[in-house]
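Following: one structure in structure tokens, then a few remarks.
Only a predicted model underlies this, so the values are computations on that prediction, with no experimental measurement involved. Quick note on labels: first sequence line is chain A, next is B, and so on, each numbered from 1.
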Amino acid sequence: MRYTNLFIPTMRETPAGINALSHILMLKAGYVRQLAAGLFIFLPLGWRVLNKINSILKEEMERIGAQEISMPILHPAEIWQQTGRWYTIKEEMFRLKDRTGRDMCLGMTHEEIMAWIAAKEIKSYRQLPQVWYQIQTKLRDEARPRGGILRTREFIMKDSYSFDADEEGLDRNYKLHAEAYHRIFTRCGLKYYQVESDPGIMGDMESHEFMAPTSAGEDDIVLCDKCGYSANIEVAKSNIGFPPPINMEFKEVYTPNKKTVKEVSDFLGFDERYFIKSLLVITEKEPVLVLIRGDQELNEKKLARIIGEFSFASPDEAIKIIGTEIGFIGPVNQKIKILADLSIDKNLYYISGANKKNYHIQGINPTKHFDAEWVDIRKVKEGDTCIKCGGSLRIEKAIEIGNIFKLGVKYTVPLNAFFLDKDGKEKPIIMGSYGIGPARVAAAAIEQNHDKDGIIWPKSIAPFDIEIIPLNMSDKKTVSIAEELYEKVSEIYNSFADRHMEVLLDDRDERPGVKFKDADLIGIPIQVIIGEKGLKDNKIEIKKRRTKESKMVSINKAVVEIVNAYYETY
RNA sequence: CGGGGCGUAGCGCAGCUUGGAUAGCGCACCUGCCUUGGGAGCAGGGGGUCGGUGGUUCAAAUCCACUCGCCCCGACCA
């Protein structure tokens, strides 16, 4: 394709006020433009990249037997009411009424609609299993869109859904998807991890996320390099051991104005591990006192999974409920419900608030001095010990590029998706759902592959394979060689991508500097530079975008050399 | 939703504190000349509801109130 026929509005200056590198580079290199918060226009180059990713998705989905379909984005409310999500999901769902006043919503995902059609059509075990997928727009009224195309209100998603007669079938489809996802992300040139994840309100069975490490990521993932344990920090577990027992007389101690664990620990001279941090939270039903070891942090997600939505008590609420201010709250003689983290050893003695201003109690023993429900609500820290192998854990920031969920009968039962099995018994269809965000794949690829000059696309998803750059459009020889190579290289069959080579010819009447800058910015894997200097010796230059390696080759070998360079790069 | 910041030409910004002239600069854009291996040079030119509404004032980009939008941090994020 000719540059002059393409709309590639690159920017010389870096847009201000945005952080995510992928966001900056996609704007700067003319891939996308923003319409409003969380709404993006994909320009020709951006759309080409998405389509490259989508073809990989389709190939790999078809390979595991998934069938492409397409579902409406506009949904009647009743179906979402039947599964309850019409009510459990709040402002995040776009809702509207049609002209007759019927409640409708815009699809955030398609479990409901998929289960609906399955319920209507699948009657027998003979029709199972089925795997259906689509690459379709989703709409979510995000509280805060961010990071450019990383978190938007409207986005395309590859979502597939499996329907099985039994758990074994679900296991198989789940595994097939995991394998397909590994192939997909590898083909897209991404560094990624498969991690254990929180199914959230998708269900409460097994689920995994595929995470691409990048500093622009919204999630923290916990990794063990020794055994490969990997989990989203929301669900990650670790070992931290217990400190050695020490003798501590049970008594109140005066701790004037010492409120934080650190302050009291410094003041009394005991290690933070001998403290119990007492956090007062309020759920929809009741106040709850949450205990965690002094040197540890609460994992709010884990806690929320146990007690539901909660908020931390305000100073006023604390006084009203406990009778003393935050900083001196403790578990002893407490009447409200207590949840204690397993990092607290029942045999040890601890220090915590005395429920009395300016006083703490030392020598508190969990079995003697309070009753609690023991749970895991601790947040894993860098350097904690791996629960599987004893290795040291590390934490990385990552962006979620895909997920796989076992749903079981969560959606099929409410929507009456039942089939008759071999024995003529009616059973609910077992369902799974599996998503990938192509725009996030593109963004993650940029986050992981760029330099100071611009994007370096993995060649599998680059908008073009080769860019030919004639430096002087008023030099006849330059132009004729460029045209000739453009023709010839375009005819080459690209066995890597299973199609012909896609060549971009920069036929603009621009100065060399402009063409070089733009070429580096938009990041096509191979640059073929044709200048009068080289032509004097009958040579052209082939340059790899990733390494900036370049070599001069003679014109009669140019086509072969270009193709070779393409296969050498990645 | 809480906290912070920003809205002046396509982009990046100055001007606002302390109201006053034709609202300015760099880049981009258009025309011509020139130039062609890393965002050239010269000459000429076009482009603004100063986010919006209301108010104060002889006079508002500037002061006040409200409002809309966008960005960042947090909450949230199936």
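- With salt bridges taken as basic N to acidic carboxylate O contacts below 4.0 Å, none links A:Asp506 and A:Arg2.
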Return the polar atom pairs (N/O with N/O) between nucleotides 27-31 of chain B and the protein under 3.5 Å, or none.
from	atom 1	to	atom 2	distance (Å)
B:C27	O2'	A:Arg12	NE	3.2
B:A28	OP1	A:Arg12	NH2	3.0

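- The base of B:G37 is not paired with the side chain of A:Asn472 by any donor and acceptor separated by under 3.5 Å.
- Counting heavy atoms from C-beta on, the side chains of A:Lys477 and A:Ile481 come closer than 4.5 Å.
- Under the Watson-Crick and G-U wobble criteria, each requiring two contacts below 3.5 Å, nucleotide B:C1 is paired to B:G74.
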Table of protein N/O atoms under 3.5 Å from nucleotides 48-52 of chain B N/O atoms:
none

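- Between A:Ile24 atom CD1 and B:G12 atom P the separation is 12 Å, expressed in whole Å.
- Look at B:A9: it lacks any Watson-Crick or wobble partner with both distances under 3.5 angstrom.
- Between A:Glu91 and A:Arg140, no side-chain nitrogen of the basic residue sits less than 4.0 Å from a carboxylate oxygen of the acidic one, so the salt-bridge criterion is not met.
- Under a 3.5 Å cut-off, the side chain of A:Asn416 and the backbone N or O of A:Ala119 do not form any donor-acceptor pair.
- A salt bridge does not link A:Asp141 to A:Arg95: none of the charged side-chain nitrogens sits closer than 4.0 Å to a carboxylate oxygen.
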Side chains of residues 298-306 of chain A: which donor-acceptor pairs under 3.5 Å do they make with residues two or more places apart or in other chains?
from	atom 1	to	atom 2	distance (Å)
A:Asn299	OD1	A:Lys301	N	3.1
A:Asn299	OD1	A:Lys302	N	3.2
A:Asn299	ND2	A:Ile233	O	2.9
A:Lys302	NZ	A:Ala236	O	2.7
A:Lys302	NZ	A:Asp376	OD1	3.3
A:Lys302	NZ	A:Asp376	OD2	3.0
A:Lys302	NZ	A:Arg378	O	2.9
A:Arg305	NE	A:Asp198	OD2	3.4
A:Arg305	NH2	A:Glu234	O	2.7

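- Straight-line distance from the NZ atom of A:Lys476 to the P atom of B:U36: 17 Å, rounded to whole Å.
- For A:Glu286, the salt bridge (Lys or Arg N to Asp or Glu O under 4.0 Å) test picks out A:Lys337, with sequence neighbours left out.
- Identified under the side chain to side chain donor-acceptor pair (under 3.5 Å) test for residues 33-43 of chain A, with sequence neighbours left out: none.
- A:Lys488 has a carboxylate O that lies under 4.0 Å from a charged side-chain N of A:Glu484, or vice versa, which qualifies the two as a salt bridge.
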Practice item. I would like to know whether A:Asn403 and A:Tyr434 meet side chain to side chain donor-acceptor pair (under 3.5 Å); could you show each step before the answer? Key: CA-CA 6 Å; A:Asn403 53 41; A:Tyr434 318 88; over 6 Å; no

Taking only N/O atoms, report every protein-nucleotides 42-44 of chain B pair under 3.5 Å with atom names and distance.
none

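- Annotation: the span from A:Ile530 atom CD1 to A:Ile555 atom CD1 amounts to 8.0 Å, rounded to 0.5 Å.
- Partners of A:Lys381 according to the side chain to side chain donor-acceptor pair (under 3.5 Å) rule, which considers only residues two or more places apart in sequence or in another chain, do not exist here.
- Here B:U56 sits opposite no nucleotide as a Watson-Crick or G-U wobble pair (both hydrogen-bonding atom distances under 3.5 Å).
- If you run ring-ring contact (aromatic ring centres under 6.0 Å, His included) between A:Tyr31 and each of A:Trp47, A:Trp457, A:Phe7, A:Phe40, only A:Trp457 comes through.
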Please tabulate, for side-chain N and O atoms in residues 8-19 of chain A, each donor-acceptor pair with protein atoms closer than 3.5 Å (sequence neighbours left out).
from	atom 1	to	atom 2	distance (Å)
A:Thr10	OG1	A:Asp518	OD1	2.9
A:Thr14	OG1	A:Lys28	NZ	3.1

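- Nucleic acid contact class of A:Asn19 (heavy atoms, under 4.0 Å, all strands): sugar-phosphate only.
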I'd like a list of close polar pairs between nucleotides 33-35 of chain B and the protein, N/O only, cut-off under 3.5 Å.
from	atom 1	to	atom 2	distance (Å)
B:U35	O2	A:Arg511	NH1	2.5

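- With sequence neighbours left out, A:Asp220 forms a salt bridge (Lys or Arg N to Asp or Glu O under 4.0 Å) with A:Lys397.
- Using a 30° and 60° split on the angle between ring planes, A:Phe210 and A:His182 fall in the perpendicular class, above 60°.
- Between A:Asp451 atom CG and B:G38 atom C1' the separation is 14 Å, expressed in whole Å.
- A salt bridge links A:Lys138 and A:Asp159; the closest N-O separation between the charged side-chain nitrogens and carboxylate oxygens is under 4.0 Å.
- Only the P atoms considered, B:G51 is 15 Å distant from B:U17, to the nearest whole Å.
- Within residues 527-546 of chain A, the residues that have a heavy atom under 4.0 Å from RNA chain B are, in order of number, A:Ile529, A:Gly531, A:Glu532, A:Lys533, A:Gly534, A:Glu541, A:Lys543.
- When the C1' atom is compared between B:G52 and B:C70, the two are found 15 Å apart, to the nearest whole Å.
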Under 3.5 Å, which N/O atoms of the protein pair with N/O atoms of nucleotides 74-77 of chain B?
from	atom 1	to	atom 2	distance (Å)
B:C76	N4	A:Arg146	NH2	2.9
B:C77	OP2	A:Lys301	NZ	3.2
B:C77	O2'	A:Arg151	NH2	2.6
B:C77	O2	A:Arg151	NE	2.9
B:C77	O2	A:Arg151	NH1	2.6
B:C77	O2	A:Arg151	NH2	2.3

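- Taking atom NZ of A:Lys477 as the reference point, atom C1' of B:U36 lies 17 Å away to the nearest angstrom.
- A:Met473 places its CE atom 15 Å from the P atom of B:G37, with the value rounded to the nearest Å.
- Using a 4.0 Å cut-off between charged side-chain N and carboxylate O, A:Glu218 and A:Arg146 make a salt bridge.
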